[in-house]
Amino acid sequence: MLDYLTARIPAHYWILLLLLWGGLVLLTLRFDAYGLDENAAQALLLNWSIAGDVANPIVVFGAPDFRALLYIPLGIYWPGSVVAAKVFTVLIGFAAVLLFYRWSARQLTAEVALISSGLLLIAPFMLHQIDSLGAGVYLLFVFGAGVWLDDTYCATPRPLGGKYFLQLLLAAIAVTLHPAGLAYPAALVWRWYQQPVDTRQQRHIYTGVALAVLFALLLRQGWKNLAWWSSPIETLAGALGVYSPWLGWVAGALLILAVLAGLRRLMSDFMGQMLLAALALGAFAADAVWATLALTLVLYYGSAQLIALNQKWRGGFLAQRGLTLLAIMLISLLFMSANKQHYAFNKAGALSPEDRLIARLVEEARDTERPFRAASQWPARTMLATRRAALPLPPPAQDAEAFLKQIQGVTHLIFNPYQVDKALARNLAETSSEMETVARESGGVILRVRAQ
């Protein structure tokens, strides 16, 4: 019945619905320089610096991830605007959900597409990723666009055409965002190994994808600012907006059930292969990005399995959909409660521990009569907040004298002592007499270098 109804709803109604969702999401976001992903802040700063022809130390941060390519219009038309970056990310999220809806309506059922996409729209992990400009929403977009692009390319194959190079570009973008992004080129190669259009184009895919991935990895030299070896259980609970271990265990159990019960379907579908590979490849950095992909898998494949189970019950509509409707209601209540907390958190101007520390440094930077140059564990976020020059933390030195020479010209150091390199922590301890503590909070410390 629902399949019949959703099939008859015109496509432009879904677009209007998603635009309405985007407007509501914007009301819950914060538009200052806090709460941003460090890699996203670096990509924004690079685009703004190039567009505004502004000389700053952003180049010493290293190559940004390829979100910088997507941010090029922001740098050209809206340099310096965090609001524009948030609106752009909302549009990326809109496109990602639409692509997932169309894929699931074709590969699963229209009913699964309607339920899962609706829940994805109100999922707290989706809202958090948009608000922080996180890589999770961009990876969802890349995965959805990758499925659509591969379908259209195979339907009208043109060797070395525009769609071919777009696939390589998507592969490079995905790889630079997160280790889980390796799932896209891996699944693409596997897809062409199983179902090649012809041998010649198969070789093109193999060669092009390998070169794109190698180029991206060499340029980025790995992945920076990731929470390596994080607890997947804690991450899943945090992505749901409720920092409770039992909820993380429930989400983890549902993820395992969804994978085991739908393993055959996952392995036979391009999107399923990507999501499954993303779980395995991203498990070493099980952060909010990894949780976004994991919970998206649960929403789509778990919904399909739940509906199939519920259909086996005899009786009318309520009997065949009662369990599904109950699950939708409970999940929606959980999601909306978490979103309400996120809205209240932002409207109250509350900050995370790291952002509170950066805000304290902003107070130091307001004195324009004194020299200010910070070396930060989060240089891009620090530069955005203080609107002053910021550098990455220096590398460890052999002794205290060499370390003081390295930080010559630096007036402040901001970092979390439990997260920096042990050798660097030793250097800081050896030169403690040359520094004074400005702030010590749960997010870290701020040290002021005494005048030499």
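No hydrogens, no waters, no symmetry mates; every other heavy atom, side chains included, goes into these values.
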Give the intermediate values and the outcome of side chain to side chain contact (heavy atoms under 4.5 Å, CB included) for residues Leu293 and Leu140. CA-CA 7 Å; Leu293 300 173; Leu140 288 180; 3.7 Å; yes
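- Under the 4.5 Å side-chain criterion, counting only non-hydrogen atoms from C-beta, Arg265 is in contact with Leu108.
- The environment of Gln107 atom CD is dense: over 12 non-hydrogen atoms of other residues, nucleotides or ligands sit within 6.0 angstrom.
- In this structure, Asn39 and Pro64 have side chains that are not in contact, with every pair of non-hydrogen atoms separated by 4.5 Å or more.
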(request) Evaluate side chain to side chain contact (heavy atoms under 4.5 Å, CB included) for Phe415 paired with Leu428, printing each intermediate quantity in order. (result) CA-CA 11 Å; Phe415 59 94; Leu428 291 167; 3.3 Å; yes
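- Using cut-offs of 30° and 60° for the angle between ring planes, the Phe335 and Phe125 rings count as perpendicular.
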Would Tyr300 and Ser117 satisfy side chain to side chain donor-acceptor pair (under 3.5 Å), going step by step from the backbone distance to the final call? CA-CA 8 Å; Tyr300 282 92; Ser117 299; 2.9 Å; yes
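- Checking side-chain atoms of Thr431 against main-chain N and O of Glu434 turns up no donor-acceptor pair under 3.5 Å.
- Summarising the geometry, atom CG belonging to Asn346 is positioned 9.5 Å from atom CZ belonging to Phe31; distances are rounded to the nearest 0.5 Å.
- Expressed to the nearest 0.5 Å, how far CD1 of Ile446 lies from CG of Leu361 amounts to 5.0 Å.
- Looking at Tyr138 and Thr89, their side chains do bring a donor and an acceptor atom within 3.5 Å of each other.
- The two residues Arg440 and Val445 come nearest to each other via the heavy atoms CG-CG1, 3.7 Å.
- Panel note: side chain Thr28, backbone Val25; a donor-acceptor pair is recorded below 3.5 Å.
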Notebook entry, point to check: Can you list the steps and then say if Ser116 with Ser303 is a side chain to side chain donor-acceptor pair (under 3.5 Å)?
Noted result: CA-CA 7 Å; Ser116 303; Ser303 295; 3.2 Å; yes
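- Note that CD1 of Ile50 and CD1 of Ile72 are 8.0 Å apart. Values are rounded to the nearest 0.5 Å.
- No donor-acceptor distance shorter than 3.5 angstrom exists from the side chain of Ser337 to the backbone of Leu334, with no hydrogens or angles considered.
- Taking CG from Leu247 and CG from Leu240, the interatomic distance works out to 5.0 Å, rounded to the nearest 0.5 Å.
- In Gln221, the CD atom is not crowded: 12 or fewer heavy atoms of neighbouring residues, nucleotides or ligands sit closer than 6.0 Å.
- If you take CG on Leu29 and NZ on Lys86, they are separated by 5.5 Å, rounding to the nearest 0.5 Å.
- The environment of CH2 in Trp246 is sparse: at most 12 heavy-atom neighbours from other residues, nucleotides or ligands sit within 6.0 Å.
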**Asked** Hey, mind stepping through Val250 and Leu236 against side chain to side chain contact (heavy atoms under 4.5 Å, CB included) and telling me if it holds?
**Response** CA-CA 9 Å; Val250 170; Leu236 289 172; over 6 Å; no
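- Proximity of the aromatic rings of Phe284 and Trp229 is defined here by a centroid distance below 6.0 angstrom, and this criterion is met.
- The side chain to side chain donor-acceptor pair (under 3.5 Å) analysis of residues 170-189, with sequence neighbours excluded, yields the pairs His178-Asp287.
- Side-chain contact between Met329 and Ser332: absent, with no pair of heavy atoms (C-beta onward) separated by less than 4.5 Å.
- Relative ring orientation between His128 and His342 is described as tilted, the plane-to-plane angle lying within the 30° to 60° band.
- Contact check for His412 versus Leu447: no side-chain heavy atoms found under the 4.5 Å cut-off.
- Checked for salt-bridge contact, Arg191 and Asp150 meet the test: a charged N lies under 4.0 Å from a carboxylate O.
- Contact check for Pro179 versus Leu226: side-chain heavy atoms found under the 4.5 Å cut-off.
- Between Glu38 and Lys224 there is no salt bridge, since none of the side-chain N atoms of the basic residue sits less than 4.0 Å from a carboxylate O of the acidic one.
- Put simply, the side chain of Arg448 never gets that close to the backbone of Thr411: no donor and acceptor are under 3.5 Å apart.
- No donor-acceptor distance shorter than 3.5 angstrom exists from the side chain of Arg67 to the backbone of Leu44, with no hydrogens or angles considered.
- Atom CD1 of Ile328 is separated from atom CG of Leu333 by 12.0 Å, given to the nearest 0.5 angstrom.
- At a threshold of 4.0 Å, the pair Arg381-Asp37 does not count as salt-bridged, since none of the basic side-chain nitrogens sits closer than that to a carboxylate oxygen.
- Heavy atoms from other residues, nucleotides or ligands lying under 6.0 Å from NZ of Lys340 number 12 at most.
- Counting heavy atoms from C-beta on, the side chains of Gln273 and Leu188 never come closer than 4.5 Å.
- Proximity of Ile115 to Leu119: side-chain heavy atoms (C-beta onward) are separated by under 4.5 Å at one or more points.
- Between Glu363 and Arg360, at least one side-chain N (NZ, or NE/NH1/NH2) sits under 4.0 Å from a carboxylate O, which counts as a salt bridge.
- Side-chain contact between Arg388 and Val362 is absent, with no heavy-atom pair separated by less than 4.5 Å.
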Check your understanding: Going through the checks in order, is the side chain to side chain contact (heavy atoms under 4.5 Å, CB included) test met by Leu133 and Tyr71?
Key -> CA-CA 11 Å; Leu133 307 181; Tyr71 289 159; 3.9 Å; yes
Evaluate Trp378 against Ser376 for side chain to side chain donor-acceptor pair (under 3.5 Å), listing each step before the verdict. CA-CA 5 Å; Trp378 316 280; Ser376 173; over 6 Å; no
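- Enclosure of atom CD in Gln398 is not indicated, since only 12 or fewer non-hydrogen atoms of other residues, nucleotides or ligands lie within 6.0 angstrom.
- For the pair Trp223 (side chain) and Val175 (backbone), a donor-acceptor distance under 3.5 Å is present.
- Listed by chain and number, the residues in a side-chain contact (heavy atoms from CB on, under 4.5 Å) with Ile407 are Pro394, Phe403, Leu404, Val410, Met435, Val449 (sequence neighbours excluded).
- Partners of Val147 under the side-chain contact (heavy atoms from CB on, under 4.5 Å) rule, at least two apart in sequence or in another chain, are Trp103, Arg106, Asp151, Phe270, Met271, Met274.
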